[in-house]
Protein chains: 2
Amino acid sequence: MLELRHLRSLQAIQQCGSLARAAEQLHLTQSALSHQIKALENYYETSLFLRSTKPLSLTSAGLKLRDLAERILPEIELVDGQLRRHALGTSGRLYISIECHACFEWLIPVLNQYRHRWPDVDIDIRLGLSFEPIAALQKGEVDLVISSDLQTHKDLCFEPLFDYEAQLALAHDHPLTVKDYILPEDLADQTLVTYPVDRKRLDVFSRFLQPANVEPGQVRQAELTAIILLLVSTLKGVAVLPDWVLRESMSHNHLTTRPLGAQGMHGTLHAAVRKVESKAAYIQGFIDLGRMALK
Amino acid sequence: MLELRHLRSLQAIQQCGSLARAAEQLHLTQSALSHQIKALENYYETSLFLRSTKPLSLTSAGLKLRDLAERILPEIELVDGQLRRHALGTSGRLYISIECHACFEWLIPVLNQYRHRWPDVDIDIRLGLSFEPIAALQKGEVDLVISSDLQTHKDLCFEPLFDYEAQLALAHDHPLTVKDYILPEDLADQTLVTYPVDRKRLDVFSRFLQPANVEPGQVRQAELTAIILLLVSTLKGVAVLPDWVLRESMSHNHLTTRPLGAQGMHGTLHAAVRKVESKAAYIQGFIDLGRMALK
DNA sequence: ATAGATAATGAGTAAACTTCATTGTTTTCA
DNA sequence: TGAAAACAATGAAGTTTACTCATTATCTAT
C-alpha cells in the first residue's frame, strides 16, 4: 500500500539524483531505500526509475508519483507543523462561546491583546443563543465558554476569571434612586430592559425576581448594551447589568446604579474548558488575560 | 511520523462514528485502530478525539487532520488507480518520437485508432529534430521512437513494423522517366527536395549518394510532404520518399516513381522501446496497429 | 584495467503493527 | 436503578514489515 514514506523517498531521490545521497538526507541507509523502492515497484508491478541513466531518472509511472508527492507533501508539512506547535501549546483553536452579551465589553479588548500574543491560534466568538454552550463545549464545537454559573463536570473544568456585581441601572431622576438598595418588589411596576435570551439565563430572573416570585411591570429586549442603556434613560426603565459594563457607561447616559438586595448580587465569571486541553499554553494564556481584563 | 494509514483511519472513524465499525471497514481489529490512534496522539502529544461523546467527535487537532485527509486522499486514490492500471498495461504514457516527417502519413491514422482502443494512455508526438531520439528514449523523455535504422542496444529493443521501399518521385514528363531505375550519378545535375533534417538522417544521402560520392545539383528543403511533392512537380526536381507516401499521392500530382538502384532501396521501419516496458500491453497495442498501418 | 562510486541483494535484527484476551466505560433498555 | 450490550482502552504475545549490515554486482572514469 502506498504510504507517505514512499512519496518522501521518491522526492528525495529525484532531488538528489542518487539513492545514496537521498538515503543520507532521509537518515536511512542506501540499502533501506533500495528495498523500499523495490517494494513499491513490486506493488505496482512497474519500475519507477530508469536504472541505466547516470543521474537516476524517473519512468512515467515514477513521474506520476513524484508529481503527486510535490503536490501533496507541502500540504502535509503545513498541517504537520501546525499540529506540532499545537503540542507546544503555541498553536490551536480557540472558539469562544459567551452566554451574556455584556461580556463583549471586556472580551473584545482582551481578544485584541490575545491575538497579538498568540498569532497561531485561530479565534472565533460564537454567541451562545441558539445552542447550549456547555454541551457544545463537550462535543468539541467550541473550546471555551464564558459562564457565570459554576458547574461540576466530569470532562470540563471551570476556571474563575473575576468577580462582578450585577447592579440595577436607572436614570438619575428615577423614583427608585431614593433607595440605597433595591428589593424584588421594587421592580413589580417597572419596565425591565434585558438581552433577548431565555429568562433562566438572566440573573435578574433566576437569582432575584423568581425567588421572590415577582414579575416586572413590563419587559423590553435589546441586543446591544448601548441600546439597553439608551432605553433605560429614555423610557425611564431599569436594567440589570454587571458592574464592568456600568463603570464606564454611567456618566455618558445620565444613569446611576443601585445594588440588588442589601448585600448586592455578586457572581464570578468562569471560563469553562475541556479538562484535556485545560493546561494548554494557549488556553491558559487566554485565561490569564481574562483575569486581568478589569484591572 | 504521519503516514497515509493514519489519514485513512481518521477518515474512516469520522465516517463511521465509532472505532469498532471503522476497524471493520478498514479490515482491522478495533484494538489495532485504538493502538494506531493512540500512537498518533502520542506523536503529536494531543488528543484527536473527544472520547466522552457518543458518536466519537474530533478535537480541533483531529479536525485539521481529517480535513487534510479529505483533501489529499482522493488525489492519492486517483494516482494509485492510474498506476494499478499501468501495471495491467491499460494505462501509461506513450510519447512517440519520429525521425522522419513522412511517418505522419501513416502515424496519424494509426494514432486515431489507438486513441479509441487505449483511452487511458496519454499520447504525444515529439519531432526528433532538435534532439537525439534514441538518447531521449533511454533517458525516459520519450517512450517510443520510430526509426529506420536497427541498432542493438542494452536497454532498448527494436520491434520491426513494416518494410518499405524508398523511391524517387519525379514528374511525369521528367527526363529521368526514361530509365527503369535510377543510379546515383543520375542525380548529379538534379534538384533534390528533402525534409529539413541533417543529411545523415536522410537515406538518400547515407545509403545512396554518399556511398557513390555523388553530390546532387541542388538541394531544396521543405517541411511538409505535400509541399515537397508540389516542388517536385513545379520545379521539375526530384525527391526520395518512402513508398507508403507515394502510393496515394502520385496521381494527384502528375508524378511517377522510379526505384533507386537496380534492386531498389529497401528498409524496415522499427519501433524502438525500452526493454522494461516492451511487453506492456499498451506498447504492444501500438506496435500491432503500426504493423497493420499499410495493409 | 583498476579504482571509486553507486545500486542490488540476502540474511539477520529491530521495530512497528496486529491480534488476542481482558478490563474499563458508557449507553440503553427493562 | 441495575444489568446487559456496545464500545473503547490496555497489555502481552505474535506477526509482519522495515531497516541495517555485509557483500556482491554494476557502472564510470582516469
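Computed from a prediction, not measured in an experiment: that's the story for all the values here. Lettering follows sequence order; numbering is per chain, from 1. Computation of the quantities below employed the complete heavy-atom set of this structure, encompassing side-chain atoms and omitting hydrogens, waters and symmetry-equivalent molecules.
The stretch residues 23-33 of chain B touches DNA chain C through B:Leu28, B:Thr29, B:Ser31, B:Ala32, each having a heavy atom within less than 4.0 Å of the strand. The stretch residues 11-21 of chain A has no heavy atom under 4.0 angstrom from DNA chain D at all.
Both A:Arg51 and A:Glu3 lie near DNA chain D, and the one whose nearest nucleotide falls closer to the 5' end is A:Glu3.
The bend of the helix from C:dA1-D:dT30 to C:dA30-D:dT1, defined by the angle between the axes of its first five and last five pairs, stands at 30° to the nearest 10°.
Ring orientation note: the planes of B:Trp118 and B:Tyr114 are close to parallel, at an angle under 30° on the 30°/60° scale.
The separation between A:Asn42 atom CG and D:dA18 atom P is 12 Å, rounded to whole Å. The nearest whole Å value for the distance from the CD1 atom in B:Ile37 to the P atom in D:dC7 is 17 Å. Rounded to whole Å, atom P of D:dT17 lies 13 Å from atom OH of A:Tyr43. Protein atom NE2 of B:His35 is 15 Å distant from nucleotide atom C1' of C:dA15, rounded to whole Å.
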Show me, pair by pair, the donor-acceptor contacts under 3.5 angstrom made by side chains of residues 9-18 of chain B, not counting sequence neighbours?
{"residue": "B:Ser9", "atom": "OG", "partner": "B:Arg5", "partner atom": "O", "Å": "3.0"}
{"residue": "B:Ser9", "atom": "OG", "partner": "B:Gln36", "partner atom": "OE1", "Å": "2.4"}
{"residue": "B:Gln11", "atom": "NE2", "partner": "B:Glu70", "partner atom": "OE2", "Å": "3.4"}
{"residue": "B:Gln14", "atom": "OE1", "partner": "B:Arg66", "partner atom": "NH1", "Å": "2.5"}
{"residue": "B:Ser18", "atom": "OG", "partner": "B:Arg21", "partner atom": "N", "Å": "3.2"}

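Using a 4.0 Å cut-off, no side-chain N or O of A:Gln36 falls inside it from OP1 or OP2 of D:dA18. Side-chain N/O atoms of B:Lys38 include none lying less than 4.0 angstrom from OP1 or OP2 on D:dA9.
Applying the ring pair (Phe, Tyr, Trp, His ring centres under 6.0 Å) test to residues at least two apart or on different chains, the pairs with a partner in residues 61-95 of chain B are B:His86-B:Tyr282.
In terms of the salt bridge (Lys or Arg N to Asp or Glu O under 4.0 Å) criterion, A:Asp149 has no residue partners (sequence neighbours excluded).
Between B:Asp67 and B:Arg71, none of the side-chain N atoms (NZ, or NE/NH1/NH2) sits under 4.0 Å from a carboxylate O, so this pair counts as no salt bridge.
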